[in-house]
Every structure is written in C-alpha cells, then in structure tokens.
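The sequence lines fix the lettering, A, B, ..., with proteins before strands; numbering per chain opens at 1.
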Amino acid sequence: MKQPNSQPTAALLLRETASQTAGPYVHIGLALDVAGLPERDEEIWNRMARPEAEGEHIEVVGTVIDGNGDLVRDALLEAWQADARGEYRPEFDLEQPFNGFGRTATTAEGASEWRLETVKPGAVTRGDGRVMAPHINLAIFARGVNIQLQTRLYFEDEAEANAACPVLNAVESPARRQTLIARREEVDGRVRYRFDIRLQGEGETVFFDF
Amino acid sequence: MQNDNKRFVERDRDWHPPAYAPGYKTSVARSPSQSLVSLQTPSASELTGPDFRRLRMGRYDNDLLMNFREDPALAGSAGLPAGERIMMFGRVVDQFGKPVPHTLVEMWQANAGGRYRHKKDGYLAPLDPNFGGVGRCLTDEQGWYRFRTVKPGPYPWPNDVNSWRPAHIHVSVMGPAISTRLITQMYFEGDPLIPLCPIVQTLRDPEAVETMTGRLDMARSRPMDCLAYRFDLVVRGELQTYFENQ
Ligand SMILES: [Fe+3]
C-alpha cells in the first residue's frame, strides 16, 4: 500500500474520510428547490449579492459539458470568492448584502445553464505578496464525479491582471489558460459573464489540486 | 494576506477514488483526461471558506422523522415515516484529531424502501408521505453532530445489468476551508452489498471503505426507540507554518 503523502508525520495522521460521488440526487440535500422539495427558511443558493452590495453587479452563467460533448444536466456547483475589495469574508449571513459563498446547479430541461448573481471580486494578494487577478473559485459535484473538480473563473476584461496572475501562469499551456477565462456579454444593460466547463477532451477546463 | 500562515495536510489523491473509474460507468465521460494543476502556494482562495454559524436552522432540520409531512394534520405515529428508526451521529475532526466546531453537516437519503423524493427518481418503491430525506445541522463546540432518521433501503441503478446500491446516507461537510470540503456516503456496517457496489469499488484501498462505514453503537441506542450508528468524519488537518511572510 502506498504511504499517505510524503509528509514525515503521515503515519501519525488520521486518514481523511474518503470521497464518494454526490450522485444524481444531490439536489435533495443541497438544492431543495431543484429536487422539488419545499425550501426551508434559509437556503444557501445562487443570489450572493443583493442590490445594495458594494461593487460591480454581475451575472455569471455557464454549462457543464462531458467528454461526449453532451450537457451534464445534474451538476451542482459551489462558488467561493472575495468581495469587491478583494477580501474573503467567511461570515455567511443571509441578512448581509454580500456572501462570498453560493451554490447553483445545471438544469434537467432546456439550456441547462447554472447561474450566479454576484459582484465582481477584487484582486487578492497571496501570502508571498503576489497579486492574483480577480477570480471565483468553483467546485463541481455530480453523478460520475468521484471527488469534486476545482477550477477558477477569471474575467476576460482583466487582461493585464490575468497576464500577471501567478496561478494562471502556473498553467503551462497558454491555450489551456484560456479555458479559465469567462467571456463578457452585455444583456439588457446588465453585465454577464459566460463560463462553460468542459470536463474532458477538446477544450478541457483546467482543474486544480490544492 | 488573510490566513496565509496556514496550510492543510496534502490531500492524498490515491486514497480518494480516481476521477476515471470505468467500473462506475458514468465516470468515464465525466473525468478529466489532463492532470490536475497543483497550486504550490496556498492563498486565501483555498485557505478560507464560509462560516455558517449564522445560517438559521429550523427546529427539525436535523430530524428527518419530523421534518416532512404531506398532510400536516396527521399526528402521532400516523405522521411518522415507515422504517427502522435510527440515530446517526458522530464527530467531525481533522487529521490531527482536533474537533471541528460549528461546521455545516448536510445529509440526504432514500426512504426505507430505497426511493428518493426527487423528480428524477422513478424506482418502483413508493414515496413515503411522511419522509422528505434531507437534514442539516452545525457541529457543536466539540465537533459533534446528530440526526434522527430512518435507515434507507438499498436500491437498484443502471450500471451493470444488476447493480444495487448498499443502504447509504449521502453526507456533506464543509470544514474550516474550501480545502477541506468533502462529500461522501455513509454505509452501514455489515451490509453484504458494500463489496459488490461499483461506486464503493471506485476506492482502491479497503481501508478507505472503512472510513465510510457507520458502526452500530448499542450504548447510544435508545431502548424501545431507535438504534444508533456512529459515523465520524475526518477532514484535512490544519498546519500552522509559524513563518512570517515578508
Ligand atoms: Fe444515493
């Protein structure tokens, strides 16, 4: 059996509980409305910013596509992002104007788009002092996905910041880096970014380990 | 530069199921073919995560015997779900054994007949008018959580010609950061379907299956009421690096 990690204290560590797929009915637990269940008083969902939240209000939409080019219609996504000033705010409270955490899902019918209502995050400075371009962390859970896939959404109109971002630059292939860039659209005067996630094959989205 | 003097024990990707596990057929087209890109320098993007202490929980959010009833007029045992009453409880700790307090634990499951209350589940077994199948709670100061529910039934699913899921409860835990986020399933000790299940078999190490097995705890079972199953969740350990960043 392979030794856990390469860390010297590994033998003294408890093993992490193993992951299992969230399965086709993940919505029952984490997206009650999608499952057809009555919602509770407070649910964690896709409206991360209320109108009074500070920053540029944006909508983020996309699809999830499998290795056959087919829509993944049962995916659940989780978003985690900094606020407009580039600060992560852990306190989740539906009473406050902005929450950095949100959930969304693709749909069984129609275009199967997931959607978030949020504000554009500010740039975040890393511990080594380097500045990461504005981004939203996304985790994808679904039937057939044995452990969540972790990616980052960056913004097309932040070209300069993107070019200097140490995380984007950790992706060696410039073509693959492009899979992390959301495209800006304006729809009825509102700013919308489109970010389609390809799980496998041509145009496969970059997924991270951390 | 919040929290950047923190790190988590590296996630052992050989311990978790691989993305591509052909015995579980749906994983074949949903697994990346490229390698994951490793982030060498952790940042607040991974080292922080939501704190749900202020998410208001309903009175019965962790009590699946009570939190769903098609006919609210039903009282007493007429309003209770069918099946074996159980308590599912445990502790959320990190890999150093340190309790994880005030973290969100969510769960969902099929009813006693193996049927989910989900638009897409068309299994023959009937819905239970008194069972929804969803629960959530926050761990206490010492990392303990608890749910009251019924034991879910096994159910068939299209994979091999005759694949059945062992009885299981889906469990989701946040932990202190995005890095510790985990979704798993609790199986029931002694279930003969566990070793036959293609989803369980995505794990290569039988010891990893042990980490997903709930154990009968007679001491905490309630006489004339319900059996108790203990299921501890272990999330990635938090390391302090003790170095000042310049
Ligand atoms: Fe299931």
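- Interface remark: of the candidates B/Lys119, B/Arg56, B/Gln185, B/Arg56 forms the most heavy-atom pairs closer than 4.5 Å to chain A.
- Between the side chain of A/Gln200 and the backbone N or O of B/Ser31, at least one donor-acceptor pair lies under 3.5 Å.
- Here B/Arg236 contributes atom CZ and A/Leu14 contributes atom CG; the two are 15.0 Å apart, rounded to the nearest 0.5 Å.
- Using a 4.5 Å cut-off between heavy atoms, B/Thr41 touches chain A through backbone and side chain atoms alike.
- The part of B/Ala19 that comes within reach of chain A is its backbone (N, CA, C, O), which places non-hydrogen atoms under 4.5 angstrom from that chain.
- Atom CD of A/Glu52 has more than 12 neighbouring heavy atoms from other residues, nucleotides or ligands inside a 6.0 Å radius.
- Ranked by heavy-atom pairs under 4.5 Å with chain A, the first of B/Leu104, B/Ile199, B/Val235 is B/Ile199.
- Summarising the geometry of A/Ala18 relative to B/Met212, their closest heavy-atom pair is O-SD, 3.8 Å, with the distance given to 0.1 Å.
- For the pair B/Arg54/A/Glu42, no side-chain contact is recorded, criterion being any heavy-atom separation below 4.5 Å from C-beta on.
- Remark: B/Arg181 CZ to A/Trp80 CH2 distance equals 12.5 Å, nearest 0.5 Å.
- Side-chain contact between B/Thr202 and A/Gln20: present, with at least one pair of heavy atoms (C-beta onward) separated by less than 4.5 Å.
- Of the listed residues (B/Gln40, B/Glu210, B/Arg117, B/His170), the one with the most heavy-atom contacts under 4.5 Å to chain A is B/Arg117.
- In terms of non-hydrogen atom pairs under 4.5 Å with chain A, the most contact-rich of B/Met57, B/Arg165, B/Arg136, B/Arg204 is B/Arg136.
- The closest donor-acceptor contact from the side chain of A/Asn146 to the backbone of B/Pro17 lies at 3.5 Å or more, if one exists at all.
- At distances below 3.5 Å, at least one donor-acceptor pair connects side-chain atoms of B/Arg30 with backbone N or O atoms of A/Arg143.
- Contact of the A/Ile28 side chain with the B/Gln109 side chain is not registered, since no non-hydrogen atoms from C-beta on lie closer than 4.5 Å.
- Side chains of B/Glu106 and A/Leu30 form a contact here, defined as non-hydrogen atoms less than 4.5 Å apart.
- Side-chain contact between B/Tyr24 and A/Thr21: present, with at least one pair of heavy atoms (C-beta onward) separated by less than 4.5 Å.
- Interface remark: B/His118 contributes backbone and side-chain atoms alike to the contact with chain A (heavy atom separation under 4.5 Å).
- The most heavy-atom pairs under 4.5 Å with chain B, out of A/Arg40, A/His135, A/Arg176, A/Glu91, come from A/Arg40.
- The two residues B/Ser33 and A/Gly201 have their closest heavy-atom pair at OG-N, 3.9 Å.
- For the set A/Val171, A/Val72, A/Val206, A/Asp41, the entry with the most heavy-atom pairs within less than 4.5 Å of chain B is A/Val72.
- Taking the side chain as every heavy atom from C-beta outward, B/Trp108 and A/Val26 approach each other to under 4.5 Å.
- Around atom OH of B/Tyr20, no more than 12 heavy atoms belonging to other residues, nucleotides or ligands sit under 6.0 Å away.
- A/Glu204 places no side-chain N or O within donor-acceptor distance of the main-chain N or O of B/Pro32, the cut-off being under 3.5 Å.
- Residue contact with chain A, scored on non-hydrogen atoms closer than 4.5 Å, involves the backbone and the side chain of B/Gln34 alike.
- Looking at A/Pro24 and B/Trp157, their side chains never come closer than 4.5 Å, going by heavy atoms from C-beta outward.
- Using a cutoff of 4.0 Å between basic side-chain nitrogens and carboxylate oxygens, A/Arg152 and B/Glu46 are scored as salt-bridged.
- Taking OG1 from A/Thr17 and CH2 from B/Trp15, the interatomic distance works out to 9.0 Å, rounded to the nearest 0.5 Å.
- The parts of B/Leu55 that come within reach of chain A are both its backbone and its side chain, each placing non-hydrogen atoms under 4.5 angstrom from that chain.
- Ranked by heavy-atom pairs shorter than 4.5 Å toward chain B, the options A/Ile44, A/Val145, A/Leu32, A/Val167 are led by A/Ile44.
- Rounded to the nearest 0.5 angstrom, A/Tyr25 OH and B/Lys120 NZ are separated by 9.0 Å.
- Between B/Arg13 and A/Glu16, no side-chain nitrogen of the basic residue sits less than 4.0 Å from a carboxylate oxygen of the acidic one, so the salt-bridge criterion is not met.
- If you measure heavy-atom distances from B/Ser172 to chain A, the contacts under 4.5 Å come from the side chain alone.
- A 4.5 Å side-chain heavy-atom check between A/Gln150 and B/Leu36 finds every atom pair outside the cut-off.
- Between the side chain of B/Gln95 and the main chain of A/Leu13, no donor-acceptor pair closer than 3.5 Å is present.
- When the shell of 6.0 Å around CD of A/Glu160 is examined, it contains 12 or fewer heavy atoms from other residues, nucleotides or ligands.
- Comment: B/Glu207 does not engage A/Arg15 in a salt bridge, judged by the lack of any side-chain N to carboxylate O separation of less than 4.0 angstrom.
- For the atom pair CG of A/Asp209 and CD of B/Glu10, the computed distance is 7.0 Å after rounding to the nearest 0.5 Å.
- Residues B/Ala29 and A/Asn68 share a closest heavy-atom pair of CB-ND2, 3.7 Å.
- No more than 12 heavy atoms of other residues, nucleotides or ligands lie within 6.0 Å of CZ in A/Arg85, so this atom counts as exposed by the packing criterion.
- Using a 30° and 60° split on the angle between ring planes, A/Phe101 and B/Phe52 fall in the perpendicular class, above 60°.
- A/Phe210 contributes atom CZ, which lies 5.0 Å from atom OG of B/Ser179 (distance to the nearest 0.5 angstrom).
- Neither the backbone nor the side chain of B/Tyr60 has a heavy atom closer than 4.5 Å to any heavy atom of chain A.
- Residue B/Asp94 touches chain A through its backbone alone, counting heavy-atom pairs closer than 4.5 Å.
- Using a 4.5 Å cut-off between heavy atoms, B/Val93 touches chain A through its side chain atoms alone.
- Between the side chain of A/Ser19 and the backbone N or O of B/Thr184, no donor-acceptor pair lies under 3.5 Å.
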